[in-house]
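What follows is one structure encoded as structure tokens, with my remarks underneath.
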Amino acid sequence: MLNTHGCKPGDMSASELADQVAEALATDSESFNERAREEAEALKSAVRSGTFDNTEAIVGMELELYAVDEQTDALQRVPRQLLELIGFEKELGLHNAEMQTSPQPLNTHGLAAQRNELKASLRPAQQRVRNEGIRLVSDGMWTVPPAGETAREYLCDCVEHSGVRIGTNMSDSVRYHTMANTDYPSAFEIDAPHASLQAETVMPESLITSIQPHYQIPHAPDLPEYFTYALRIAAPLLALGVNSPFFPPDLYDDAPDAEIVAGANMENRIGVFESVLNPTDGDPTPPKVCFPPDFDSVEAAIDDIVEDDTIVPVDLPSGTRFDDDFVHFRHKHGSYWRWVRPVFEGATRSAANARIEFRPLAAQPTVDDAIGFAAVFAGLMESLPQLEHPIRSLDWETAKRNFYTAARNGLRAKIEWITADGATTTSTEEIYGELFEHAREGLEQRGLSAEEAHGYIRPLRERVDRRLTPARWKHDYVRRRVEENVPLAEAIWGMQATYIRHQEETLLDGSFVDWFE
């Protein structure tokens, strides 16, 4: 939908933003890419010389949320000034907010600091936005559009100035808007079971929110080994964290309600990110959102980032950060959207690090659930390489197939796993029993007591024991209501209201399993 009334996205006028987008589009891409390649060669030398090593493993977390009206649960745009007041960062949509924890050593105090920092930031933020009638929600996908609008209108509305498309409801970040005006053939569509949407900007991606645990590698040249393990555990962790089975109801095609419910993926976030940002099927351009390859060297990981298509090249000045020596390489990384990705950065030489960002996980119902995933991921990154666990020999194609099966079916997915004794299994009990045991071992190796390690793992273990993920909880709610002849839209919005009320009571002082005890 093209809106020509000149609506203003964020704090900058559409015409001002269009001018900046046009300036960005004038950047010489060949010159940009050549500079990125030169910086990558210097980066490889720095990595091999030990500059990006750490004396111990470091963990971090990104948490995305969306805002709703406190009374109606309808999606709510957050004033930019309010976002700044609560210390959160703007994300793609005007309804989005993001926070990042400070990197901490993987030990008793570091994990506790991660959890406490999230809670310490979220509590006053919720209190402050409540004064404006707003609530921040941690969830995989919003389903209730702003009052008086459809989701389709909200996601597709845009303006045009001097031939530049500007998403009306997108943050006033030049990068986001430039993506809609480059030669890279992003589809800007949603293509999911019984749901479809065609937009002119990247805005449909703002449907989804995530958590992203980070793990910094102690010895940077060892990154490929850790990365191999991260790809093999991606499927079981994704299956455990699924949290977006339903779209806003007006995005569904004309099909029977029961058929839509029966065909729902447990994690639609995976498909949305890919169908919005990747080229359409049949286009020869390589996808940017995908399950990444294994790397046989740290140099190969760096090369993969360098050779990835650059959507928004920028002529960047040298800055004062240590890693500004690699500023064009870092900029390329900003649109290197792999589900698991390597990162090389650091504001100072002493802070320089190589890390793995684990990106498949939807935002979770509570802080403790989110930190549970961070702890399990980090614990596995500690233990699996030390054990030389045979899961690393799982064929890459099988690991990829596991990943997309997990997105479709959650804990009911038939995931192929290789156990510590080399046996192949698809048993849910065996897979998660081993995963949780190795995560505990990894955390204890970093100084946590058995009780502390179990405390982080327990909320996720309960999901397996009960075979109940947030997505399955949502799906069961909607299915029951539809079977009672409640219209699908009403069933989905009722589920969303119940989710938000449960989260209000448990976001900071509980876990998902408290919802059904």
Side-chain angles (χ1 to χ4, degrees), residues 10-11 60-104 109-147 154 169 171-172 206-213 243 361-374 455-456 459 470 493 495-515 517:
D11 295 328
M61 168 79 78
E62 295 179 28
L63 173 65
E64 299 171 353
L65 306 105
Y66 61 78
V68 301
D69 181 278
E70 192 170 33
Q71 298 300 317
T72 67
D73 301 326
L75 199 69
Q76 182 77 31
R77 298 168 179 87
V78 183
R80 303 296 88 178
Q81 184 179 15
L82 179 58
L83 202 59
E84 293 174 4
L85 282 174
I86 63 176
F88 280 55
E89 299 177 23
K90 62 185 179 183
E91 245 289 339
L92 175 59
L94 294 178
H95 58 277
N96 291 128
E98 178 184 304
M99 68 169 296
Q100 300 182 13
T101 61
S102 307
Q104 298 287 344
H109 304 295
L111 277 175
Q114 293 277 304
R115 179 168 57 189
N116 291 338
E117 184 176 358
L118 287 175
K119 294 184 178 183
S121 298
L122 277 170
R123 190 178 298 277
Q126 291 284 35
Q127 292 171 345
R128 180 64 183 82
V129 300
R130 181 173 290 182
N131 294 335
E132 308 295 328
I134 295 172
R135 171 162 293 280
L136 297 175
V137 178
S138 178
D139 191 6
M141 180 182 293
W142 57 265
T143 58
V144 185
Y154 181 77
N169 296 306
S171 296
D172 56 0
S206 72
L207 270 170
I208 57 179
T209 45
S210 69
I211 59 169
Q212 297 177 22
N243 194 20
L361 297 172
Q364 296 297 304
T366 75
V367 168
D368 282 355
D369 289 295
I371 291 298
F373 275 107
Y456 287 111
W493 291 343
M495 171 275 293
Q496 195 68 70
T498 305
Y499 181 99
I500 292 172
R501 299 290 87 74
H502 280 320
Q503 185 172 95
E504 184 176 358
E505 299 172 359
T506 57
L507 177 63
L508 303 179
D509 298 305
S511 71
F512 171 62
V513 295
D514 295 330
W515 293 15
E517 286 188 345

Hey, what do you get for CD (E117) to CD1 (I371), rounding to the nearest 0.5 Å? 9.5 Å
Does a side-chain heavy-atom distance below 4.5 Å link V144 with V68? no
Any chance you could measure Y154, atom OH, to L207, atom CG, to the nearest 0.5 Å? 10.0 Å
For the backbone of G510 and the side chain of T366, can you confirm whether one donor and one acceptor N or O come within less than 3.5 Å of each other? yes
For a side-chain contact (heavy atoms from CB on, under 4.5 Å) check, start with the C-alpha distance between M61 and F373, then their side-chain angles and the critical distance, and finish with the verdict. CA-CA 10 Å; M61 168 79 78; F373 275 107; 5.9 Å; no
Would Y499 and D73 count as a side-chain contact (heavy atoms from CB on, under 4.5 Å) if you check the C-alpha gap in whole Å, the side-chain angles of each, and the deciding distance to 0.1 Å? CA-CA 10 Å; Y499 181 99; D73 301 326; over 6 Å; no
Would you check if the side chain of S171 reaches a backbone N or O of E91 as a donor-acceptor pair within less than 3.5 Å? yes
Taking S210's backbone N and O only, do any of them form a donor-acceptor pair with E64's side chain (distance below 3.5 Å, no angle check)? yes
Restricting to non-hydrogen atoms, name the atom on P365 and the atom on W515 that form the minimum distance, rounded to 0.1 Å. CB-CZ2, 3.6 Å
Restricting to non-hydrogen atoms, name the atom on R77 and the atom on P146 that form the minimum distance, rounded to 0.1 Å. NH1-CB, 4.1 Å
May I have the step-by-step check of side-chain contact (heavy atoms from CB on, under 4.5 Å) for K90 and D172, ending in yes or no? CA-CA 9 Å; K90 62 185 179 183; D172 56 0; 2.8 Å; yes
Nearest 0.5 Å, what's the CZ-CD1 distance between R128 and I134? 9.5 Å
For Q364 and I211, indicate whether the former's side chain and the latter's backbone hold a donor-acceptor pair under 3.5 Å. no
Value for CD1 (I500) from NE2 (H502), rounded to nearest 0.5 Å, stands at 12.0 Å
Is a side-chain donor or acceptor of D369 paired with a backbone partner of F512 at a separation under 3.5 angstrom? yes
Return the CG to CD distance between N131 and E70, rounded to the nearest 0.5 Å. 9.5 Å
Given 3.5 Å as the limit, does a donor-acceptor pair link the side chain of D368 with the main chain of S511, or not? no
Passing option when L65 is tested against D139, L122, V137 for side-chain contact (heavy atoms from CB on, under 4.5 Å): L122
Test side-chain contact (heavy atoms from CB on, under 4.5 Å) on L508 and Q126; report intermediate values, then the result. CA-CA 11 Å; L508 303 179; Q126 291 284 35; 5.8 Å; no
Compare every heavy atom of P145 with every heavy atom of W493, then report the nearest pair and how far apart it is. CZ2-CD, 4.2 Å
Looking at side-chain heavy atoms only, is the closest gap between R501 and E504 below 4.5 Å? yes
To the nearest 0.5 Å, atom CZ of R115 lies from atom CD of Q104 at 13.5 Å
Write down the atom of A362, the atom of N243, and the distance for their closest heavy-atom approach. CB-CB, 3.9 Å
Indicate yes or no for a side-chain donor-acceptor contact from R80 to the backbone of L94 under 3.5 Å, with no hydrogens or angles considered. yes
For the side chain of H95 and the backbone of S206, is there at least one donor-acceptor N/O pair under 3.5 Å apart? yes
Which pair of non-hydrogen atoms, one from L83 and one from A97, has the smallest distance, and what is that distance? CD1-CB, 3.6 Å
Closest contact, heavy atoms only, S138 versus L507: CB-CD1, 4.3 Å
Does any part of the side chain of Y66, heavy atoms only, come nearer than 4.5 Å to the side chain of L136, both counted from C-beta? no
